[in-house]
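Structure record follows, encoded as structure tokens.
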2 protein chains.
Amino acid sequence: MSGEPEDAEPDLRHYRELARQLRSVGVVNRELARRLPHDCPPASAGLLTLLRRHGEMRMSRLTELLGIDLSVTSRHVAHAADRGWIERLPDPHDGRSRLLRLTHSGESRLDELSELATETMREFLGDWSAEDVATLSSLLERLGRTFGDCRARGGHSPPPGTDAAPDPATSRT
Amino acid sequence: MSGEPEDAEPDLRHYRELARQLRSVGVVNRELARRLPHDCPPASAGLLTLLRRHGEMRMSRLTELLGIDLSVTSRHVAHAADRGWIERLPDPHDGRSRLLRLTHSGESRLDELSELATETMREFLGDWSAEDVATLSSLLERLGRTFGDCRARGGHSPPPGTDAAPDPATSRT
DNA sequence: TATTGTTATACTCTATAACTATA
DNA sequence: TATAGTTATAGAGTATAACAATA
């Protein structure tokens, strides 16, 4: 059947194919989400992860890292704060701002989550070579950075070397 | 479990990092979704794409390819059928089943969508090497296949080489 | 009785807009 | 007036469960 895409150049076909594959990542993410503790939605997990990696930060900074609207961040942060995983401290430099910090409870929570995610990935990707895993991770990181920079074309582009930046084997623009 | 003080081996850190990067793909997908025509949600785009790639199929098969629940597929298919993008034909071999087929209208719709997605990807990934694009696409395809096979461990595990496998350049288990 | 789909309901994540409080 | 954050509301996607029709 499919006898159409003879007109598309190879490069364009790769773009199109990539767009499609990106959409199908949802399946994987849902599988990961399914295994999370019931009081910890995926959004909370992502939030805690960023907070450990980059350390104390303001709402707006977290929003930028998450690539979502500030209002959404506010919700997620409230959820995590209600459960004692993070603190919202006043910013000494700006009365409007609030500094977010992981609590001890949040740290141990994050340890569990980290363990769970790692376990799941190992279960499913047990037969992948370490190199392929690293390559995929690296390319996705670059992809996110590329889109993030374009969306927030105001400037920043903070390199994630703070806490646990693996960033192994791949060409980086 | 043998718990060692140094715990996380490099491989484990890569697993954890990959899990994190996969979650951040949402940013990219939202950007892609933003550019879709207003009467065409991302789910419809995915549905039409699969229908062209694999040809006429039943609801259950489409559900399997999408990696979602049949009830969700039903909704999306109804949406697309209401707009004349696909037909739901009776299955001559099974009265309970319905065969889905792309209409001419759906084909041209899909051409637009394909063009849009390609354009967006090219805009953002213009400075990526063709090889990196292909590699990422390929690894994601493999990832989806791996998870899909594990999830559908009830029986099938239908190798996707059935119909129209693009399958470009990467090691495959 | 088992399977294919459909529909009703609920939950998560997100965006927009209106609002408060600081700057 | 502009910015940081909160809250209310709406829309998209998904899962579960109850249901209809056919095998």
Side-chain angles (χ1 to χ4, degrees), chain A residues 22-47 57-82 86-100 151 154, chain B residues 22-47 57-82 86-100 151 154-156:
Chain A
L22 285 171
R23 253 184 278 123
S24 75
V25 166
V27 181
V28 180
N29 281 328
R30 283 195 295 282
E31 184 61 42
L32 286 167
R34 242 183 293 272
R35 308 189 170 208
L36 259 34
H38 292 87
D39 65 333
C40 185
S44 292
L47 186 154
M57 67 178 80
R58 298 182 308 160
M59 295 283 303
S60 52
R61 168 94 169 110
L62 180 58
T63 294
E64 187 180 298
L65 290 172
L66 287 170
I68 58 180
D69 190 87
L70 177 60
S71 65
V72 181
T73 307
S74 185
R75 265 198 175 290
H76 295 326
V77 163
H79 181 91
D82 287 348
I86 65 175
E87 295 174 301
R88 285 183 282 196
L89 311 168
D91 184 339
H93 299 310
D94 188 336
R96 302 167 298 179
S97 190
R98 306 176 78 169
L99 293 177
L100 308 175
R151 271 170 47 84
Chain B
L22 285 172
R23 252 185 278 121
S24 75
V25 166
V27 181
V28 181
N29 281 329
R30 284 196 294 283
E31 183 62 41
L32 285 167
R34 243 184 292 272
R35 306 190 171 208
L36 258 35
H38 292 88
D39 65 335
C40 185
S44 292
L47 185 153
M57 67 178 79
R58 298 181 309 159
M59 294 283 303
S60 53
R61 168 93 170 112
L62 180 57
T63 294
E64 188 180 297
L65 290 171
L66 287 169
I68 58 179
D69 190 87
L70 178 61
S71 64
V72 182
T73 307
S74 185
R75 267 196 174 290
H76 294 327
V77 163
H79 180 92
D82 288 348
I86 64 176
E87 295 175 301
R88 284 183 282 196
L89 310 168
D91 184 340
H93 300 310
D94 188 336
R96 302 168 298 180
S97 189
R98 306 175 78 170
L99 293 177
L100 309 175
R151 270 171 46 84
H156 346 271

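The chains referred to below are lettered A, B, ... by the order of the sequence lines, with proteins before strands, and numbering in each begins at 1.
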Exercise. Given atom CD of A:Glu64 and atom C1' of D:dG5, what is their separation to the nearest angstrom?
Worked result: 16 Å
Problem set entry | Protein-nucleotide distance (A:Leu99, atom CG; D:dA4, atom P), rounded to Å | 13 Å
Exercise. Nearest heavy-atom pair of A:Asp39 and A:His79: which atoms, and what distance?
Worked result: O-NE2, 3.4 Å
For this session: Verify the contact: side-chain N or O of A:Arg75 to OP1 or OP2 of C:dT14, cut-off strictly under 4.0 Å; return yes or no.
Result: no
Problem set entry | Any side-chain heavy-atom pair of A:Leu99 and A:Arg88 under 4.5 Å | no
Exercise. When you check the phosphate oxygens OP1 and OP2 of D:dA12, does a side-chain N or O of B:Arg30 lie under 4.0 Å from one of them?
Worked result: no
Seminar exercise, completed: Side-chain atoms of A:Arg34 come closest, of C:dA15, D:dG13, D:dA15, to D:dA15
Exercise. When you check every protein heavy atom under 4.0 Å of nucleotides 17-23 of chain D, what one-letter string (B, S, -) results, 5' to 3'?
Worked result: B----BS
Seminar exercise, completed: What one should report as the nearest heavy-atom pair of B:Leu66 and A:Arg30 is O-NH2, 4.0 Å
For this session: Quick one: label A:Arg88 by what it contacts on the DNA or RNA (base, sugar-phosphate, nothing), any heavy atom closer than 4.0 Å.
Result: sugar-phosphate
Exercise. NA contact type, B:Ser74, heavy-atom cut-off 4.0 Å: base, sugar-phosphate, or nothing?
Worked result: base
Problem set entry | A:His76 NE2 to D:dT7 P, straight-line distance once rounded to whole Å | 14 Å
Exercise. With a 4.5 Å heavy-atom cut-off, do A:Leu62 and A:His76 have their side chains touching?
Worked result: no
Seminar exercise, completed: From the candidates C:dT6, D:dT6, C:dT14, the one with an atom nearest any side-chain atom of B:Met59 is C:dT6
Problem set entry | Side-chain N,O (B:Thr73) to OP1/OP2 (C:dG5) below 4.0 Å | no
For this session: Round to a whole Å and report the spacing from NE2 of A:His38 to P of C:dC11.
Result: 13 Å
Problem set entry | Comparing A:Pro41 and A:Leu70 on DNA chain C - which has the more 5′ nearest nucleotide | A:Pro41
Exercise. Can you name the closest pair of heavy atoms from A:Ala45 and A:Cys40 and give their distance?
Worked result: N-SG, 4.2 Å
Problem set entry | Integer-rounded Å distance: C:dG5 P and B:Leu89 CG | 13 Å
Seminar exercise, completed: Of all heavy-atom pairs linking A:Leu36 and A:Pro41, the shortest is CD2-C, 4.0 Å
Problem set entry | Given D:dA4, D:dT6, C:dG5, the nucleotide with the shortest approach to the side chain of B:Ser60 | C:dG5
For this session: Please report, rounded to the nearest Å, how far the P atom of D:dA15 is from the CG atom of B:Leu66.
Result: 10 Å
For this session: Round to the nearest Å and state the distance from A:Arg61 atom CZ to D:dT3 atom P.
Result: 19 Å
Exercise. In whole angstrom, what separates A:Glu31's CD from D:dT14's C1'?
Worked result: 14 Å
